[in-house]
2 protein chains.
Amino acid sequence: MSGQVLNGKKTRGGGVDITQVAQRAGVSPATVSRVTNGRSTVAKHLAKRVWRAIEELGYTPNPQARALVSGRSRVLGLLVSEITNPFFPELMQSFEDVAGEHDFEVMVGSTNYNRERASIFIRRLIQRRVEGVAVMTFRAESHFLDALIAEDIPLVTIDVSANAARSVVLEVDYAQGIDEAVQHLALLGHRRIGFASGPMPHLTNVRRKEAFVRAARKIGLTADKAPIFAGEHTFEGGTLAAHHFLRIEPRPTAIVCSNDMMAVGVLRVLATSGIRVPRDMSVVGFDDIHLAEFINPPLTTVRMSRQDLAQAAFNGLEKLWSEESSGSLTSIRIGTRLVVRQSTDSPKGAANGLRRNKSTRQAETQTASA
Amino acid sequence: MSGQVLNGKKTRGGGVDITQVAQRAGVSPATVSRVTNGRSTVAKHLAKRVWRAIEELGYTPNPQARALVSGRSRVLGLLVSEITNPFFPELMQSFEDVAGEHDFEVMVGSTNYNRERASIFIRRLIQRRVEGVAVMTFRAESHFLDALIAEDIPLVTIDVSANAARSVVLEVDYAQGIDEAVQHLALLGHRRIGFASGPMPHLTNVRRKEAFVRAARKIGLTADKAPIFAGEHTFEGGTLAAHHFLRIEPRPTAIVCSNDMMAVGVLRVLATSGIRVPRDMSVVGFDDIHLAEFINPPLTTVRMSRQDLAQAAFNGLEKLWSEESSGSLTSIRIGTRLVVRQSTDSPKGAANGLRRNKSTRQAETQTASA
DNA sequence: TATAGTTCTGAAATCGATTTCCCGCAAGCT
DNA sequence: AGCTTGCGGGAAATCGATTTCAGAACTATA
């Protein structure tokens with residue numbers, strides 16, 4: 001079917017063009033275009049002939065030509081923080097899937113917390129004429145984005161509004177999941193809970209921290225019973241946090257982390273210090289990366305759905321495309337929820353610690369994998 | 001600079017076209033094209049004027065228009081197995097970096113071991129007119145690729161040759177790293193070593209297994225002292241393998257895994273079975289994913305460089321582009337090497353086990369992070 | 001000095017779609 | 001019957017680059 005010879009010229013499957021289809025169907029190219037785009041009505045019998053010709057020749061419209069005349073490239077940009085945190089590849093995949101369903105291609109770039117790298121990527125986005133960009137770095141406050149804003153490219157950011165005319169903010173409801181986590185710990189009998197925060201100037205991290213502070217207060221913990229340590233959102237950040245909390249007297253019986261990578265770091269320090277989890281210390285993560293289920297012990301963590309995030313990001317862009325006037329700053333809420341696994345339990349010496357029974361734990365684990 | 005008004009019509013930065021540049025520089029569009037492409041000589045003073053105009057207007061050539069006339073899309077495809085194995089995101093990033101340096105964009109897709117998903121992605125690649133595809137699934141034998149081959153799209157595969165006119169094979173030298181690993185274990189005093197293989201029909205896994213068999217024989221291990229278990233290249237595959245080896249009598253003192261995800265599964269089973277690593281059992285992985293350094297204990301593993309792989313894949317494509325005649329099947333070799341961390345040590349009861357001293361271990365760890 | 005041979009430049013064709021403009025025809029109305 | 005309206009479809013313009021072709025200017029040679 002493809003690779004055949006037509007008009008004496010070799011045509012790759014993609015090499016069939018609209019004129020050949022038109023010829024074969026006995027109509028004009030314009031009509032073929034009308035059929036494939038369905039924007040205008042074409043007599044049924046003609047449409048049928050066109051579809052058959054398309055089928056027989058294996059025609060697919062040339063996206064470059066299409067983009068050229070329509071002015072729409074059907075390419076989106078996705079900016080993430082770093083590829084080594086499994087949360088981001090998972091998010092990437094979700095976003096590509098959503099975009100793909102709508103015939104968009106995605107250019108993905110990771111900043112790796114490197115200004116230079118980010119600008120190079122953004123320049124590439126602009127050159128490719130992307131129709132919109134999802135900024136999923138949780139650090140949108142930086143002026144990475146100025147170039148994009150200057151080009152008036154629709155932008156979706158997380159938590160923090162880009163100072164752009166055409167932008168949508170995804171508001172993540174951290175409080176929901178973090179509340180659940182702290183309640184869960186309280187219920188297990190914990191009365192001293194540390195919080196390993198992400199680096200502080202960034203709004204996302206401020207929000208997560210504040211959510212923790214409020215949750216702690218809600219269960220009656222004063223500031224000294226809910227100590228906070230801020231570090232990078234990485235394995236190393238987690239190790240530093242763990243060391244910090246181990247030095248505190250009296251020592252917290254549980255640590256809530258601002259993301260799962262930190263939790264992995266915390267677990268490592270605890271393991272090498274001979275502190276058993278969850279027997280001697282409970283640990284809660286945030287993100288629910290795929291690996292959370294597989295590390296030792298499987299991590300209780302707050303799940304932020306990448307599918308929801310990806311879908312919301314795409315919806316946000318669609319909204320920006322449809323609005324003629326660069327409208328009001330809309331925001332879309334994303335929920336979070338606790339997934340209980342095995343890194344949390346009653347503190348060793350708790351008088352009133354309720355040990356969870358087997359069936360409860362199973363039910364919770366099941367929820368996690370659903 | 002951008003967003004300015006020119007000829008009464010609003011121009012986004014990217015909206016500046018070659019005619020405007022030509023006008024400003026007082027030359028024809030053809031000359032501007034010659035300057036930006038450097039394919040033909042242009043008088044120095046004119047070139048200078050053109051560059052200045054380009055600079056002043058913030059002109060970047062429209063890639064769609066360029067692709068349309070040149071017939072080259074400057075888009076590549078990258079097909080990986082699954083996004084949840086951190087090896088692949090890391091490879092992705094390397095490939096995108098290499099491609100980006102040469103002004104190529106990359107469409108990434110993961111099969112997730114799902115035939116349907118793979119075909120959909122491949123259809124998208126063809127529609128976008130990719131100029132080449134790197135197939136990094138380690139399962140190229142499937143006829144995923146038939147559609148690409150029919151389109152005569154240049155293909156780079158790993159280990160196994162796609163049956164295509166225009167293709168290059170990346171031969172990974174598994175023996176090198178696996179030999180080192182087995183030698184390392186032998187030196188520590190291990191005499192019974194299990195191998196957790198990947199699923200069997202796939203050539204890559206056959207190669208890794210054979211490399212292990214040969215290495216085991218080299219240190220004098222008969223088949224019964226080097227048992228093999230084949231499972232999926234996943235966490236679950238690792239847990240199955242571990243359970244298998246724990247049932248064997250006499251039990252192996254070390255397990256070599258065909259990839260790091262399996263090793264993580266093995267470690268988990270060992271931990272929950274109360275078997276300490278490396279004291280009671282040594283474990284070696286394969287890939288050296290970022291997380292290998294961070295799990296408990298840090299994993300001794302065989303590193304396969306994603307940078308080398310990505311660069312080799314791109315070089316392979318370049319080779320295919322330059323060859324007019326769809327030449328001979330060339331292959332490019334990729335090396336592997338052992339990275340020693342803390343999941344390997346002398347077996348508990350070994351008479352002649354040499355304990356590594358601290359300085360050695362440090363030196364080796366340093367190599368790992370370099 | 002005349003002629004052949006180089007360089008360099010611009011006009012125009014081209015890539016493959018979409019979209020505008022216009023014409024012909026059939027249906028609806030008085 | 002005559003006129004308007006509306007719909008479907010073809011011809012041609014368009015998007016923004018590259019590339020071919022041919023002419024102009026300049027150099028080198030006899």
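A note on names: the letters A, B, ... follow the listed sequences, proteins ahead of strands, and every chain is numbered from 1. Any value given below was found using the heavy atoms of this structure, including those in side chains, with hydrogens, waters and symmetry copies removed.
- Ring geometry for A/W321 versus A/F104: interplanar angle under 30°, hence parallel rather than tilted (30 to 60°).
- Distance from the side chain of A/D17 is smallest for C/dG16 among the nucleotides D/dT18, C/dG16, C/dT18.
- For B/R49 and B/T31, the side-chain atoms include no donor-acceptor pair closer than 3.5 Å.
- With 3.5 Å as the limit, one finds no donor-acceptor pair spanning the side chains of B/E90 and A/T84.
- Side chains of B/S33 and B/N37: a donor-acceptor N/O pair is present below 3.5 angstrom, by distance only.
- Side-chain contact, A/Q311 with A/N315: a donor N or O sits under 3.5 Å from an acceptor N or O.
- Regarding contacts with the backbone of D/dG16, every side-chain N or O of B/Y59 stays at 4.0 angstrom or more from both OP1 and OP2.
- Residues passing the side chain to side chain contact (heavy atoms under 4.5 Å, CB included) test with A/K48, sequence neighbours excluded: none.
- Distance A/R72 CZ to D/dG16 C1': 17 Å, rounded to the nearest Å.
- Straight-line distance from the CZ atom of A/R74 to the P atom of C/dA17: 16 Å, rounded to whole Å.
- Look at CD on A/Q64: it is 11 Å from C1' on C/dC15, rounded to the nearest Å.
- OP1 and OP2 of D/dC15 both lie 4.0 Å or more from every side-chain N or O belonging to B/N62.
- Atom-to-atom, CZ of A/R128 to P of D/dA17 comes out at 14 Å; the value is rounded to the nearest Å.
- Rounded to an integer number of Å, the gap from CD of B/Q20 to C1' of D/dA17 is 13 Å.
- To the nearest angstrom, P of D/dC15 lies 15 Å from CZ of A/R129.
- Between the CG atom of A/L68 and the C1' atom of C/dT19 there is a distance of 13 Å, given to the nearest Å.
- Listed for the B/R117 side chain is a donor-acceptor partner under 3.5 Å among the backbone atoms of B/S110.
- Put simply, the side chain of B/M107 reaches to within 4.5 Å of the side chain of B/V130, judged on heavy atoms.
- The distance from atom CZ of B/R39 to atom P of C/dC8 is 16 Å, rounded to the nearest whole Å.
- Between the side chains of B/S73 and B/R66, no donor-acceptor pair is found at a separation under 3.5 Å.
- Each end of the helix from C/dT1-D/dA30 to C/dT30-D/dA1 yields a helix axis from five base pairs, and these two axes differ in direction by 50° (to the nearest 10 degrees).
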Restricting to nitrogen or oxygen on both sides, can you table the protein-nucleotides 4-14 of chain D pairs closer than 3.5 Å?
{"unit_1": "D/dG8", "atom_1": "OP1", "unit_2": "A/T41", "atom_2": "OG1", "d": "3.2"}
{"unit_1": "D/dG8", "atom_1": "OP2", "unit_2": "A/T41", "atom_2": "OG1", "d": "2.2"}
{"unit_1": "D/dG9", "atom_1": "OP2", "unit_2": "A/A43", "atom_2": "N", "d": "3.0"}
{"unit_1": "D/dG10", "atom_1": "OP2", "unit_2": "A/S28", "atom_2": "N", "d": "3.2"}
{"unit_1": "D/dG10", "atom_1": "OP2", "unit_2": "A/S28", "atom_2": "OG", "d": "3.0"}
{"unit_1": "D/dG10", "atom_1": "OP2", "unit_2": "A/T31", "atom_2": "OG1", "d": "2.6"}
{"unit_1": "D/dG10", "atom_1": "N7", "unit_2": "A/R34", "atom_2": "NH2", "d": "2.7"}
{"unit_1": "D/dG10", "atom_1": "O6", "unit_2": "A/R34", "atom_2": "NH1", "d": "3.4"}

